[in-house]
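The structure appears below as structure tokens.
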Amino acid sequence: MKRRRSLLWVLSLVALIATYALVARAVSRPDVLPPAQDLAGAFAALVGRGQAPAAGGEHQHHHHSSDQVDTLLQEGVTLQASLAVSTARVLFGLVVGVPLGILLGLLLGWSRRADDYLHPIYVLARSVPPLAFITYIMLWLGHSEAHRLIPIVYAVAVTAVIPTYHGVRDIAGKYVVAARSLGARGRLLLAKVVLPAAAPAVLGGLRYSVAIAWMTAVGAEMLMAENGMGNLLVGGGMWSSRLQTRSDPAVIIVGVLALAAAGWAMDAATRLVTARLTRWAR
Amino acid sequence: MTGAVKIRRAVIGLVTVAALYAFASEIGRGRLPDRVWLGAHYVENVQLLPTWRSLAEEGTFLIESGILPSSVAVSTRRVMLGLLLGSVAGILLGLLTGWAAHVESLADPWVTFFRYTPALALLPLYVVWFGYGEASKVLLIATNVAMITLLGAQHGVRGVPRVYLDAASSLGAKRWLRFRKIVLPAAFPSIFASVRIAAGLAWVTIVVAELIDARMPSLGYLLALSGAYPRVPSMLIGIATVGALVLAFDLLALLVHARATRWMGRAG
């Protein structure tokens, strides 16, 4: 059974790639569906090996479509550097945002009084998409790294609150009653009962935080950053003229594939860490 | 009794925030710089913290001129269409892949790929394929929504206790009946939770899509325009409007959920 499943999996993957290659060949519009060699060419050009795909020998068709590669190469953009910058932003967002979210979640989940006063404010704040106020941050802090990082931190923190809140209130709640009746108080209760009981929920929510961090980072970079994967996808240019130049789908597809790979890797790492840390819970 | 205390405390919390803002904006008036460096040039007459009064005036203007209502209508329409298309496709696919194992292994590589792709990254590709305008935006939202609801539906179907299915088949229920009477109702909460998450993310998607392709009239356009001048009261009202819409969608979703699962009882 297991072998049959993995066989189907591989078959489907091969079919996916073959279908794409055949359709791209049949459509024969490299400006819409770039053939496989264009993707390879764009990849090679973006990692700094070989020339832009247009130099491959094809003719006028490519003229437009390699504009994006040319612009990116002129600006010295490479795939690996863009991925590194985006990853750094995502990690920063996680490292700062997750503890903030956990702290707020602990506060709201722990104290009924704090929950009553602060929860409505939190719900209002949570509803505002962080990318909507990116320009407002720029007015305050100028054109800097801050307005790319703050939305990521905000999005991550707001996401990390929910699983912590539920972990503390719903899961730890019944243990708290028992521990209280045995005389546990204050710090002992928090460290020995609440945190361990809530930990699986908190760590489970980490996967959402990772996904949200990537999405916000790419969005922020698409809107206003001169580096990172979002910038690579929209092919540079200033904030007001983004996506105005003719895009090269080969570059975008290579970028999307790289993002999917990075997202997968980070999710796998998160699951691994989570499984390690909550081994005692199973 | 406790309900009244809760409401009183909620009101106190919100009023405190509003009062703190009023205080800060009064202090900031005349003290905060009104000349701001915007990357390439300075802009004058910027109210970094507009007072409640100027926010109210700007809000009246935006509503009376019809800018805000039409922006809200356009953006909401896109989100609703994308949400509808995406959740129908996603839920059907999720139920199918969750229920039929061989379909799942066939679909898995595709699902794995899209699942780890930040939906916004597809925006430039959709612009190449479908051009600017409605199609690329609605489809972008639909893709995003479909992915989330697919996972939700799959999760829901897989979480159905084996015992239920075995009990039903031992009583003679056929496959379709088991699916309709056991799997669907049991998967509903998980599907619904994913639709709720998807609705929130649909708004994130549309705001970014509209900011990048800023055209009349849409909420993204309002944000882009007020950012270009910059006109802070308009900007803040735009941000607050997006937030209010997200909140409204969320509340609506909760209401529908409570209605639809009334049969389950609220034992906890």
Side-chain angles (χ1 to χ4, degrees), chain A residues 4-6 8-9 11-13 16 31-32 113 116-121 123-125 127-136 138-140 142-143 211 214-219 222-223 229-230 233-235 238-240 242-243 247-249 252-253 255-257 259-264 267, chain B residues 5-6 9-10 12-14 16-17 36-40 46 48 101-102 104-110 112-125 127-129 200-201 203-204 207-208 211-213 219 223-224 226-228 230 232 235-236 238-240 242-244 246-247 250:
Chain A
R4 219 184 102 212
R5 286 193 61 173
S6 44
L8 272 175
W9 205 94
L11 269 180
S12 169
L13 191 66
L16 174 68
D31 56 327
V32 177
R113 186 181 288 257
D116 285 350
Y117 285 115
L118 296 179
H119 209 99
I121 301 171
V123 169
L124 285 186
S127 302
V128 178
L131 290 171
F133 55 72
I134 190 164
T135 339
Y136 186 58
M138 197 177 81
L139 284 181
W140 274 91
H143 199 71
W214 273 103
M215 173 148 173
T216 317
V218 170
M222 275 163 81
L223 288 173
M229 288 305 290
L233 289 171
V234 293
M238 266 314 282
W239 132 260
S240 50
R242 289 253 143 133
L243 274 185
S247 314
D248 179 0
I252 303 171
I253 292 177
V256 168
L257 285 171
L259 275 173
W264 174 81
D267 186 69
Chain B
V5 172
K6 246 183 142 68
R9 286 180 170 173
I12 290 176
L14 292 172
T16 311
V17 171
V36 172
W37 175 245
L38 210 63
V46 180
L48 280 176
H102 51 276
E104 189 214 325
S105 354
L106 273 180
D108 212 37
W110 312 58
T112 314
F113 170 66
F114 274 108
R115 162 175 196 171
Y116 295 115
T117 308
L120 287 172
L122 293 173
L123 176 64
L125 197 60
V127 167
V128 173
W129 284 348
L201 284 179
W203 276 104
V204 177
V207 164
V208 175
L211 268 170
I212 287 183
D213 170 29
L219 282 170
L223 288 174
S226 55
V232 181
M235 192 189 282
L236 291 184
I239 295 170
V242 176
V246 173
L247 193 63
D250 207 38

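Below, chains carry the letters A, B, ... as their sequence lines are ordered, and counting in each starts from 1. Side chains are part of it too, since the values below use all heavy atoms of this structure and drop only hydrogens, waters and symmetry mates.
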Task: Stepwise side chain to side chain contact (heavy atoms under 4.5 Å, CB included) check, Leu259(A) with Thr117(B) - done: CA-CA 6 Å; Leu259(A) 275 173; Thr117(B) 308; 5.5 Å; no
Open item on the list: Show, in sequence, the C-alpha distance, side-chain angles and deciding distance for Thr135(A) and Leu223(B), and conclude whether the side chain to side chain contact (heavy atoms under 4.5 Å, CB included) test is met.
Closed with: CA-CA 8 Å; Thr135(A) 339; Leu223(B) 288 174; 5.7 Å; no
Open item on the list: side chain to side chain contact (heavy atoms under 4.5 Å, CB included) for Leu211(B) and Leu131(A)? Distances and angles first, verdict last.
Closed with: CA-CA 9 Å; Leu211(B) 268 170; Leu131(A) 290 171; 5.6 Å; no
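Heavy atoms of Leu219(B) lying under 4.5 Å from chain A are absent altogether. Residue Val204(B) touches chain A through both its backbone and its side chain, counting heavy-atom pairs closer than 4.5 Å. Contacts between Leu257(A) and chain B at a heavy-atom distance below 4.5 Å involve backbone atoms as well as side-chain atoms. When heavy atoms are compared at a cutoff of 4.5 Å, Leu118(A) does not approach chain B at all.
The residue among Val17(B), Leu247(B), Asp250(B) with the most heavy atom pairs within less than 4.5 Å of chain A is Leu247(B). Heavy-atom pairs under 4.5 Å with chain B were tallied for Ser127(A), Pro129(A), Ser12(A); the largest tally goes to Ser127(A). Comparing Val128(A), Leu16(A), Leu13(A), Leu11(A) by how many heavy-atom pairs each has under 4.5 Å with chain B, the most go to Leu16(A). Contacts with chain A were tallied for Val208(B), Leu125(B), Leu122(B); Leu125(B) has the most, counting heavy-atom pairs under 4.5 Å.
Between atom CE of residue Met235(B) and atom CG of residue Leu139(A) there is a gap of 4.5 Å, rounded to the nearest 0.5 Å. To the nearest 0.5 Å, atom CG of residue Leu48(B) and atom OH of residue Tyr136(A) are 6.0 Å apart. Rounding to the nearest 0.5 Å places NE2 of His119(A) at 15.0 Å from CZ of Arg9(B). The CD1 atom of Ile121(A) lies 5.5 Å from the CG atom of Leu14(B); values are rounded to the nearest 0.5 Å. Note that CE of Met222(A) is 6.0 Å distant from CG of Leu120(B), once rounded to the nearest 0.5 Å.
Among all heavy-atom pairs drawn from Ile239(B) and Ala132(A), the shortest one is CG1-O, 3.7 Å. Here the closest heavy-atom approach between residue Ala10(B) and residue Pro120(A) is recorded as CB-CG, 3.4 Å. Of all the heavy atoms in Val218(A) and Pro118(B), the pair that sits closest is CG2-CG, 4.1 Å.
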